[in-house]
Trainee: 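Here you go, one structure.
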Protein chains: 2
Amino acid sequence: MAVTIKDIAEIAQVSHTTVSRALRGHSAISRDTAVRIQQIADELGYVPNSAARGLKSSSSRILGVIVQRIEDPSLGEVIDGIEEVLQAEEYSLFLAASHHDPEREKKIIRNMCEHRVDGVIICASQIDLAQMQQLQQLGVPAVLVNNQAKETATPSVCHDDEYGSYELTRHLLASGHTVIGYLGNAMAGKANEDRLGGYRRALIEVGLPFREELVFVGPNGLAVGGALAVEQCLRLAQRPSALVCFNDMMAIGALQVLQKNGLHVPQDCSIVGFGNISFSAYVTPPLTTFHQPKREIGREAALLALRLLRAGANESKPATKLLRGELIVRASTASPAG
Amino acid sequence: MAVTIKDIAEIAQVSHTTVSRALRGHSAISRDTAVRIQQIADELGYVPNSAARGLKSSSSRILGVIVQRIEDPSLGEVIDGIEEVLQAEEYSLFLAASHHDPEREKKIIRNMCEHRVDGVIICASQIDLAQMQQLQQLGVPAVLVNNQAKETATPSVCHDDEYGSYELTRHLLASGHTVIGYLGNAMAGKANEDRLGGYRRALIEVGLPFREELVFVGPNGLAVGGALAVEQCLRLAQRPSALVCFNDMMAIGALQVLQKNGLHVPQDCSIVGFGNISFSAYVTPPLTTFHQPKREIGREAALLALRLLRAGANESKPATKLLRGELIVRASTASPAG
DNA sequence: GTAGTTGATGCACACGTGTGCAAATCCCGG
DNA sequence: CCGGGATTTGCACACGTGTGCATCAACTAC
């Protein structure tokens, strides 16, 4: 059994109340007793029980984080950013993965409610307004990160994917490309739409047509998804001279297939990714991509969540926070050969 | 305020005791009342408070996981494996990153003790026997994963790095290489020694000398570490025809430097990594490496931790569990040119 | 000396849930 | 009608911590 304040009280010949106050630095305790009690606590190796404390204060100092896959290369840094803020603020982090299973997600949320987390951060899920209201009804402040539902539920932290994709496409256009394809991700929701939208806007802005037949959709956002999508593209008679990919992993998969088919990147086909995951710099050729400030997104989400739970329900809830990254030009893009 | 069993009791016109028993499926409660109470609980949206429950049962159903960096590409899968087991067993996961800071690690452990985690899994840290005893004194069952201290503290789950490195080196020897270098990681402890040891054993086994001047040490296990280590190697008059790298990231960094210097891999220099992180298959050329069963390591660690905390202190504690991966031959290795 | 003030401490209860034991109710056989 | 067992329920306390209020001693001012 662990040491409790009662054990300390008995040794110090005071009531457990005095011990509680002494250890929490209550002003009404004399300096002498406070020091004496602290000393005894240290000697016994006293560790306060947050379960009991949380029971009284009805605050657990725990934040829940829900992701789809923990090993997602674009998520590690986000979680790290969250964790950084929480550790500084003496909060703890509950982590769970839903693996794209809504049933599992419900179980996770339920479990987090049982542990009375003070707030929840949900990453890259498809939370709609109804679910958000449900969460608020449970009394759990929730922050969405890069939420994938069509309607933007708040509060949330998002990366401006539309702008990023627009910039990437403009970069290709500036290099002289006129036939540019898009490799989409069927599993993503809003992110895919936004990135497709930015691509489209850039095209139309310079007077080029948006052609449906140049949009290829992969089954997921992994390398294999990019490979499958680019294979459709290769069957085309008139191939695009550049490809905008949903993310870096798809770009890497596409890159591999292109090279297997004897095409040179960027000479025969330029290619851009999205996200600037650490590996995008290490493929051959290194990938031109759009840097998503992942750690900062995590930090912002954590700060927003903390602000939210501290404000309670009185303050006006902040809306969506939109962060912008920047274009990273590497060697996977060049002017078209012709 | 959340719904409690007392609220339910009032509505159902019974004592809170009956509600508690009914919801937990106690046999002494009549089927009628049980159903009725369950119904009321559902209607009110009752969610049990695990803090209160844990206070009585003195078990939190939480496991703590401590890592160095969350975004470590070789760690994501391990954590995923842990989380998979915990979710199935209805346990929750506390995650914290120590960032190679012993002070921070202590704070984390302290925090986890405050939350009365039922056990701790510590990944890739340098926990020695003394620290392990300290943990046991705190009453927290701890499992070490790929622990980096010289003395192997138990219980732990480890990958057989010595064997892996031995196999990789044998693969190079079998291809005809006779001058093979090793790129080490100064930040790693036991892992670096084991991998160096396996490399050395393979050399000596076939009668080749172990030459200190062919061991190059990078400052960390990242791509930049591999780059810096291989630069030392390039200054050599007689360069090795193959390189065994501490891990995949270092191999990728080394690969890049070699190619920048006009050397072709594998024609001019074969290179092998370690770990089989997902990206090792996507660099050019794809990396020959040793597959570490990361998800399984995570699962084993979680299962071991659960077994441990269920056994209490009565059962004999299991010792180190050693897992072996397998050699993955890709295109970064070939016979030497000469 | 007395009333008022300040400082230090303890009592009793609260948080939400679980449990040993007693009590109440019911059923059944004699 | 009574006794005894089985079934169902409630009382009271426990877990470890925090807090309003009362208590008590010491000190100050008149």
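Convention: sequence-line order gives letters A, B, ...; per-chain numbering from 1.
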Trainee: If the condition is side-chain contact (heavy atoms from CB on, under 4.5 Å), which residues does A:S74 pass it with, not counting sequence neighbours?
Mentor: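 Scan of A:S74 (side-chain contact (heavy atoms from CB on, under 4.5 Å), adjacent residues dropped) gives A:D72, A:I277, A:K294.
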Trainee: Give the rounded distance in Å between these two atoms: CD1 of B:I37 and P of C:dG18.
Mentor: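 To the nearest whole Å, that distance equals 13 Å.
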Trainee: Could you state the atom-to-atom distance from CG of A:D32 to P of C:dG7 in whole Å?
Mentor: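 Interatomic distance, CG of A:D32 to P of C:dG7: 15 Å.
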Trainee: Would you call B:E89 and B:R310 a salt bridge, using N to O less than 4.0 angstrom?
Mentor: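 Yes.
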Trainee: Is there side-chain contact between A:H99 and B:D80, with heavy atoms separated by less than 4.5 Å?
Mentor: yes
Trainee: Looking just at side-chain N and O atoms, do B:S156 and B:T320 make a donor-acceptor pair shorter than 3.5 Å?
Mentor: yes
Trainee: Output the rounded distance in Å from CD (A:E10) to P (D:dT17).
Mentor: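 The distance from CD of A:E10 to P of D:dT17 comes to 14 Å, rounded to the nearest Å.
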Trainee: In residues 108-117 of chain A, which residues come under 4.0 Å of DNA chain D by heavy atom?
Mentor: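 By residue number: none to list.
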Trainee: Rounded to the nearest 0.5 Å, how far does CD of A:Q126 lie from CD of A:Q68?
Mentor: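 Result: 8.0 Å between the selected atoms.
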Trainee: Please list, by residue number, the residues of residues 45-57 of chain B whose heavy atoms come closer than 4.0 Å to an atom of DNA chain D; answer none if no residue qualifies.
Mentor: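 Only B:L55, B:K56 qualify.
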Trainee: Side-chain contact, heavy-atom cut-off 4.5 Å: B:L63 with B:I121?
Mentor: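 A side-chain contact exists here, since the closest heavy-atom pair is under 4.5 Å.
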Trainee: Can you give one letter per nucleotide of nucleotides 7-12 of chain D, going 5' to 3': B for a protein heavy atom under 4.0 Å from the base, S for sugar-phosphate only, - for none?
Mentor: -BBBBB
Trainee: Is the closest side-chain donor-acceptor distance between B:T33 and B:S30 under 3.5 Å?
Mentor: yes
Trainee: Give every residue pair that meets the salt bridge (charged side-chain N to carboxylate O under 4.0 Å, His left out) criterion with at least one member in residues 3-24 of chain B, sequence neighbours excluded.
Mentor: none
Trainee: Enumerate the residue pairs fulfilling salt bridge (charged side-chain N to carboxylate O under 4.0 Å, His left out) with a member in residues 42-69 of chain B, sequence neighbours excluded, ordered by first and then second residue.
Mentor: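 For residues 42-69 of chain B: B:R69-B:E71.
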Trainee: Is a side-chain donor-acceptor pair under 3.5 Å present for B:N147 with B:S125?
Mentor: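 Judged by distance alone, the side chains do not pair up.
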